[in-house]
Student: 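Before anything else, here's the structure in question.
Every chain is numbered from 1, with letters handed out A, B, ... down the list of sequences.
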Amino acid sequence: MDILIYGIINSFSLALMAIGFTLVYGISRIPNFAHGALYVITGFLVWSLVHLLKLNYVVSIILALLIMGLVGAAIYRFVLIRVRGMATSEIIATYALGLAVLEFLRWGGFKGMTYTLPVFIEGSIVIGGIPVDLQRVIVIAIGIVVVTFMWLFTHFNKIGLALRGMAQDEHAAMMLGIDSDRMAVIAMAMGSMLAGIAAITLLPLGNIVVEAGYNVLILSIAVCIVGGLGSWVGAILAAFMIGFLQIITVAYIQSHFHMVVALLVIIATLILKPSGLFGRQKELEERV
Amino acid sequence: MLEIKNLMVFYENAIAINNINMKCQAEKVTGIFGANSAGKSTLMYTISGIILDVKKKEEMKGGERITVLGNITFEGMDITWMKPSERAKKGIVLCPERRRIFAESSALENLKIGGYLATKVQAKKTLEYVFSIFPALVKLKGREGGFLSGGEQQMLAIGRALMAQPKMLLLDEPLLGLSPLMEAMLARAIRNINQQTRIAILISEQYARPILPIIHHGYILENGGAVLEGNSRELMENPDVKSAYFGL
Ligand SMILES: Nc1ncnc2c1ncn2[C@@H]1O[C@H](COP(=O)(O)OP(=O)(O)O)[C@@H](O)[C@H]1O
Ligand SMILES: [Mg+2]
């Protein structure tokens with residue numbers, strides 16, 4: 001029972017962390033290695049707004065998310081647009097950016113146990129005989145809301161549909177009047193906001209630490225690779241697979257193998273099925 | 001409506017378009033006929049601007065050098081260096097060779113994505129129109145693009161391009177790989193689209209036979225150069241054209 005409940009919670013956490021990364025990769029083929037840094041920045045941003053500017057928690061969250069959207073758009077507009085299409089340069093640029101931000105925060109003294117965000121609602125409920133913090137229930141709720149929203153957005157909204165067109169065939173989308181740079185800016189802005197939403201939901205469960213940036217990046221990459229690069233359905237399935245594997249490992253083996261699972265899964269996928277669980281775009285192309 | 005002057009396109013040092021001059025009239029169907037690798041697709045990608053994006057990406061990667069010379073005007077405006085998405089906004093919409101359907105989206109979603117530039121009202125009206133010229137698509141709405149047959153994909157690709165509200169529709173080898181029955185059906189549909197909507201059409205084909213009767217004016221392309229031009233009758237009666245493009 002614990003495994004089921006904590007597995008679900010962990011899976012939704014992973015899905016939340018990875019969805020922004022997958023979105024950006026799926027649409028603009030940019031592996032955003034600054035994703036983890038964006039996650040951590042949001043944490044510190046909200047903390048600063050609450051503690052330094054003494055703003056209300058909800059206002060701080062909304063403000064932080066808006067700022068993250070702008071930051072994401074700016075990263076594309078001023079940095080990525082120049083290296084677009086050169087995968088290695090994209091990785092170096094985003095990774096360097098992420099490293100710089102994280103290490104700057106560390107140098108600036110944001111470390112240790114002092115920085116925390118309050119949970120949304122105090123307390124816990126008992127599910128099937130196991131007490132679960134309300135914040136963890138909220139993780140599931142927000143996970144469901146975000147996934148549902150993204151599904152509706154990409155299936156019924158004009159911009160969302162255009163993003164999917166761009167993800168499948170960039171040139172075919174351009175012929176229909178969809179602008180590649182505009183879509184990439186939107187994808188980066190949304191990806192950053194999604195990193196922010198993950199941070200705001202998950203950080204109250206622990207401390208805001210720089211290391212979280214690296215972990216979130218590794219987990220996002222794991223989910224994205226296992227799911228089949230850029231496949232959104234695949235990413236969600238992968239989040240569940242890795243989520244449960246992690247919890248099972250923690251329960252039956254050792255808790256500090258938590259991250260090792262993610263790394264092993266990346267390696268196993270790359271060896272056994274490099275296209276991932278849902279890497280079927282290729283197969284389809286060959287069929288036609 | 002569209003005017004091409006001294007257009008040259010090179011891939012590295014190989015010439016793909018050799019000093020082409022041509023005109024497409026508003027509301028008319030213009031044909032381009034040429035054998036495999038005559039330069040039809042390159043011309044289509046150059047008119048729609050996709051070649052500029054390919055060129056940019058190749059430059060980024062340090063790949064092959066693509067050179068475009070000459071100029072293209074559309075409704076009196078020089079569009080030679082305009083982005084493809086801007087050209088689509090001005091009304092030049094390409095329905096590319098091999099269709100390039102969004103394979104993982106349903107047929108209906110393909111059409112909706114095509115309607116990116118359309119207003120809600122336009123999208124609704126055009127969607128109805130597409131289903132009226134291609135009734136076969138109605139049943140296939142929910143099917144993924146990748147699972148449609150070649151003919152179904154071609155109807156969908158033309159429908160998707162129409163959704164973008166073109167003033168000038170570019171069709172690159174729309175009959176490629178289709179059965180004679182499907183060829184005849186599509187040729188009729190293309191003529192109907194032109195007659196009913198007054199959208200100008202530029203159509204390229206390797207085999208002229210099914211298309212020649214529906215064009216108003218046509219060009220014969222050889223090794224990247226336009227070697228002959230004329231209206232439908234003139235081209236049909238030209239002995240060289242007969243042997244080369246009719247297989248008579
Ligand atoms: N990306 C490319 N790189 C190099 N050469 C190309 C490329 N695309 C087309 N070509 C060459 O340009 C010429 C014209 O090709 P294309 O425009 O595809 O002709 P068509 O559509 O009439 O078959 C051919 O000789 C082809 O080999
Ligand atoms: Mg061609």
Student: Looking at chain A, which one of B/Lys112, B/Arg100, B/Lys57 has the largest number of heavy-atom pairs inside 4.5 Å, strictly under?
Tutor: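 Looking at each option in turn, the highest pair count goes to B/Arg100.
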Student: In terms of side-chain geometry, is the basic nitrogen of B/Glu58 or B/Arg65 positioned less than 4.0 Å from the acidic oxygen of its partner?
Tutor: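 Here B/Glu58 does not pair with B/Arg65 in a salt bridge, since their nearest N and O are not under 4.0 Å apart.
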Student: Non-hydrogen atoms of chain B under 4.5 Å away: do they reach the side chain of A/Arg182, the backbone, both or neither?
Tutor: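 For A/Arg182, the side chain is the part near chain B, not the backbone.
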Student: Quick one: closest heavy-atom pair of B/Val93 and B/Ala164, and the distance?
Tutor: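 Of all heavy-atom pairs spanning B/Val93 and B/Ala164, the closest is CG2-CB, 3.8 Å.
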Student: Which one wins on heavy-atom pair count under 4.5 Å against chain A: B/Ile101, B/Leu170, B/Leu94?
Tutor: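 Heavy-atom pair counts peak at B/Leu94.
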Student: Does the ring of A/Tyr76 carry A/Arg84 above it, NZ/CZ under 6.0 angstrom from centre and within 45° of its axis?
Tutor: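 No, A/Arg84 and A/Tyr76 do not form such a contact.
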Student: Applying salt bridge (charged side-chain N to carboxylate O under 4.0 Å, His left out) as the test, list every pair that has at least one member in residues 12-24 of chain A; sequence neighbours left out.
Tutor: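 Sorted pair list comes back empty.
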Student: Among side-chain atoms of B/Tyr11 and B/Thr42, is any donor-acceptor pair under 3.5 angstrom?
Tutor: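 Indeed, the side chains of B/Tyr11 and B/Thr42 share at least one donor-acceptor pair under 3.5 Å.
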Student: Hey, are B/Lys167 and B/Glu75 close enough for a salt bridge, meaning a charged N less than 4.0 Å from a carboxylate O?
Tutor: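 Here B/Lys167 pairs with B/Glu75 in a salt bridge, since their nearest N and O are under 4.0 Å apart.
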Student: For the candidates A/Ile178, A/Val83, A/Ile159, which exhibits the highest count of non-hydrogen atom pairs separated by less than 4.5 Å from chain B?
Tutor: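 The answer is A/Ile178.
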Student: Shorter than 4.5 Å, heavy atoms on both sides: which option in B/Ile50, B/Val54, B/Ile92 has the most such pairs with chain A?
Tutor: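 Option with the greatest count: B/Ile50.
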Student: For chain A, which of B/Lys83, B/Met163, B/Lys56, B/Lys61 has the most heavy-atom pairs under 4.5 Å?
Tutor: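 Option with the top pair count is B/Lys83.
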Student: Heavy-atom pairs under 4.5 Å with chain A are the metric here; pick the option from B/Ser48, B/Ser105, B/Pro166, B/Gly114 that has the most.
Tutor: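 When all of B/Ser48, B/Ser105, B/Pro166, B/Gly114 are compared, B/Ser105 has the most.
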Student: Side chain, backbone, both or neither: which part of B/Arg87 has a non-hydrogen atom closer than 4.5 Å to chain A?
Tutor: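 Looking at B/Arg87, nothing touches chain A.
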Student: Using non-hydrogen atoms and a 4.5 Å limit, figure out which bit of A/Met174 sits close to chain B: side chain, backbone, both or neither.
Tutor: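 Its backbone and side chain both get close to chain B.
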Student: Please set out all donor-acceptor pairs under 3.5 angstrom arising from side-chain atoms of residues 218-229 of chain A, sequence neighbours excluded.
Tutor:
| from | atom 1 | to | atom 2 | distance (Å) |
| --- | --- | --- | --- | --- |
| A/Ser220 | OG | A/Met17 | O | 3.4 |
| A/Ser220 | OG | A/Val216 | O | 2.7 |

Student: Give the member of B/Cys95, B/Ala88, B/Ser85 that has the highest number of heavy-atom pairs under 4.5 Å with chain A.
Tutor: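 Winner by heavy-atom pair count: B/Ser85.
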